[in-house]
2 protein chains.
Amino acid sequence: MPPTQAPTSKAKTRSEINYGLLPELVGYQLRMAQIALFRDFAQGPGELDVTPGLFGVLVIIEANPDLKQSDLARATHLDRSTVVTVIDNLERRGLVDRRAALHDRRSNALRLTTEGTALLRKLKRQVTQHEKRLLGNFSEAERQSLFKLLQKVFPEHR
Amino acid sequence: MPPTQAPTSKAKTRSEINYGLLPELVGYQLRMAQIALFRDFAQGPGELDVTPGLFGVLVIIEANPDLKQSDLARATHLDRSTVVTVIDNLERRGLVDRRAALHDRRSNALRLTTEGTALLRKLKRQVTQHEKRLLGNFSEAERQSLFKLLQKVFPEHR
DNA sequence: TATTGTTATACTCTATAACTATA
DNA sequence: TATAGTTATAGAGTATAACAATA
């Protein structure tokens with residue numbers, strides 16, 4: 001006869017906890033997937049101390065040479081003052097340059113440095129691996145399906 | 001003849017910006033959906049100053065009367081010290097009680113107060129509306145599909 | 001020895017408001 | 001007047017390390 005479960009005061013494992021209505025909420029699943037994503041991104045093999053947010057900023061700067069900070073703010077849904085902090089960070093690490101913009105002396109023209117370009121190349125490989133881990137047991141049809149459904153929740157692109 | 005587009009220094013709209021490979025990444029779409037979700041949650045009609053995270057904590061405490069803080073930490077993937085802050089916050093607002101646990105004098109037994117239970121009832125209605133807004137243009141089949149695919153990314157429940 | 005809750009501390013990410021230089 | 005960048009400041013949200021009480 002196996003020992004009876006103690007009725008109280010034993011530490012509960014995750015699966016012994018009642019999550020109420022949470023698992024039924026798409027919003028909750030989205031949140032949890034995002035947490036898993038972030039941890040895997042930060043701690044994957046060969047972690048390079050760049051968050052998903054910073055990675056996005058580097059990609060956008062590379063794809064839009066001489067982008068203004070205000071435009072970057074709009075693209076990332078960040079406040080202009082937040083972009084200052086972000087670019088300070090990337091400039092301190094030698095990944096991004098603030099240059100003088102040509103036709104508007106108020107603006108900065110953002111560019112990746114040589115180091116920034118090199119790091120981004122590595123990061124892109126890392127992100128590709130990260131996506132593969134995340135979607136390891138997905139068929140291609142499932143991947144595309146998830147993709148389209150997420151775009152439908154947040155229809156900014158396409 | 002329409003005026004030609006100025007080649008430089010004009011403010012770019014979101015859709016004029018090149019997002020590089022970002023829109024092809026499931027991780028990016030997940031992140032953006034999460035940002036949209038959070039903003040809608042916080043700013044929906046009749047906003048009640050509770051984040052998705054706090055809502056989750058309230059639901060879990062209600063569903064597990066006399067839960068210990070350590071178990072809550074495990075359930076939410078938060079550090080024990082972070083749970084102290086979270087419960088301090090909810091206790092200050094009169095939504096949660098720390099009671100003495102029965103068989104372990106180290107532990108607290110967490111309970112919703114009457115006010116906490118009442119607020120959670122309102123929040124649940126609000127979250128249901130939030131989910132409806134978020135998935136307004138989804139068919140039921142699409143909703144279920146998104147749901148299952150997200151669970152597959154983060155397979156903690158089920 | 002190990003676990004529970006706590007404190008002290010710090011770091012990241014973000015925003016608001018007010019300022020300056022420039023348009 | 002309006003916009004671009006900046007500064008000062010503040011508030012979430014989170015973690016690590018060390019500690020006392022208890023198991």
Side-chain angles (χ1 to χ4, degrees), chain A residues 6 8-13 31 34-36 38-39 41-43 47 49-57 66-93 96-110, chain B residues 6 8-13 31-32 34-36 38-39 41-43 47 49-57 61 66-93 96-110:
Chain A
T8 47
S9 74
K10 272 204 48 185
K12 288 180 181 172
T13 65
R31 191 174 134 79
Q34 173 65 18
I35 289 174
F38 194 95
R39 298 214 164 135
F41 195 98
Q43 294 163 6
E47 84 289 343
D49 198 29
V50 173
T51 58
L54 285 187
F55 173 72
V57 167
D66 293 332
L67 189 68
K68 300 191 324 185
Q69 289 181 203
S70 305
D71 291 334
L72 179 58
R74 214 171 356 258
T76 52
H77 298 89
L78 295 173
D79 188 84
R80 268 164 32 240
S81 66
T82 305
V83 167
V84 172
T85 312
V86 169
I87 300 300
D88 282 351
N89 176 349
L90 295 175
E91 204 176 35
R92 199 176 339 106
R93 300 203 217 175
V96 167
D97 264 351
R98 282 172 163 110
R99 309 194 176 192
L102 283 187
H103 299 99
D104 185 341
R105 278 161 43 209
R106 295 172 304 180
S107 303
N108 295 329
L110 301 175
Chain B
T8 48
S9 75
K10 270 204 48 184
K12 288 181 181 170
T13 66
R31 191 175 134 79
M32 291 300 109
Q34 174 65 17
I35 289 174
F38 195 96
R39 299 215 162 135
F41 195 98
Q43 295 164 6
E47 84 289 343
D49 198 28
V50 172
T51 59
L54 286 186
F55 173 72
V57 167
I61 293 176
D66 293 332
L67 189 69
K68 300 190 325 186
Q69 289 180 203
S70 305
D71 290 335
L72 180 58
R74 214 171 356 259
T76 52
H77 298 87
L78 294 173
D79 189 83
R80 268 164 32 241
S81 65
T82 304
V83 167
V84 171
T85 313
V86 169
I87 300 301
D88 282 352
N89 176 348
L90 295 175
E91 204 176 33
R92 199 175 339 106
R93 300 204 217 175
V96 167
D97 263 351
R98 282 172 164 110
R99 309 193 176 193
L102 282 187
H103 300 98
D104 186 340
R105 279 163 38 211
R106 295 171 304 182
S107 302
N108 296 328
L110 301 176

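What you are looking at is a predicted structure, and each value in this text was computed from that prediction instead of being measured. Note on naming: letters A, B, ... go to the chains in the order of the sequence lines (proteins, then strands), and numbering restarts at 1 for each one. All values below come from the heavy atoms of this structure, side chains included, with hydrogens, waters and symmetry mates left out.
- Separating the CZ atom of A:R74 from the C1' atom of D:dA4 is a distance of 11 Å, rounded to the nearest angstrom.
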Are there any protein N/O atoms within less than 3.5 Å of an N/O atom in nucleotides 8-14 of chain D, and if so, which ones and at what distance?
unit_1 : atom_1 : unit_2 : atom_2 : d
D:dG13 : OP1    : B:T51  : OG1    : 3.4

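- The list of salt bridge (charged side-chain N to carboxylate O under 4.0 Å, His left out) pairs with a residue in residues 77-92 of chain A, not counting sequence neighbours, reads A:D88-A:R98, A:E91-A:R98.
- In terms of modelled atom types and a separation under 3.5 Å, the side chain of A:N108 and the main chain of A:L110 share no donor-acceptor contact.
- For the pair A:D88 CG and C:dT12 P, the computed distance is 13 Å after rounding to whole Å.
- For D:dA4, the OP1/OP2 oxygens have a side-chain nitrogen or oxygen of A:S70 closer than 4.0 Å.
- In this view, A:T51 and A:F38, A:L54 satisfy the side chain to side chain contact (heavy atoms under 4.5 Å, CB included) rule, not counting sequence neighbours.
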Anything under 3.5 Å between a protein N or O and an N or O of nucleotides 18-23 of chain C, put it in a table, one pair a line.
unit_1 : atom_1 : unit_2 : atom_2 : d
C:dA23 : OP1    : A:R105 : N      : 2.8

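- Regarding B:I87, its CD1 atom lies at a distance of 10 Å from the P atom of C:dG5, rounded to whole Å.
- Contact annotation: B:K68 side-chain N/O to C:dT4 OP1/OP2 distance is under 4.0 Å.
- Atom C1' of nucleotide C:dT3 and atom NZ of A:K10 are separated by 14 Å, given to the nearest angstrom.
- The two residues A:K68 and A:S107 come nearest to each other via the heavy atoms CD-OG, 3.3 Å.
- If you take CG of A:D71 and C1' of D:dT3, they are 12 Å apart, rounded to a whole angstrom.
- With respect to B:L78, the side-chain contact (heavy atoms from CB on, under 4.5 Å) criterion is satisfied by exactly one of B:L72, B:V83, B:T85: B:V83.
- In this structure B:D97 satisfies the side chain to side chain donor-acceptor pair (under 3.5 Å) test with no other residue, sequence neighbours excluded.
- Qualifying side chain to side chain contact (heavy atoms under 4.5 Å, CB included) partners for B:R105, counting only residues two or more places apart in sequence or in other chains: none.
- For the pair B:Q69 and C:dT3, the criterion of a side-chain N or O lying under 4.0 Å from OP1 or OP2 is not met.
- One atom, CG of A:L110, and another, C1' of D:dG5, lie 11 Å apart when rounded to the nearest Å.
- Under the salt bridge (charged side-chain N to carboxylate O under 4.0 Å, His left out) criterion, A:D71 pairs with A:R74, sequence neighbours left out.
- Atom NZ of A:K12 is separated from atom P of C:dT4 by 13 Å (rounded to the nearest Å).
- With sequence neighbours left out, A:A109 forms a side chain to side chain contact (heavy atoms under 4.5 Å, CB included) with A:D66, A:R99, A:A101.
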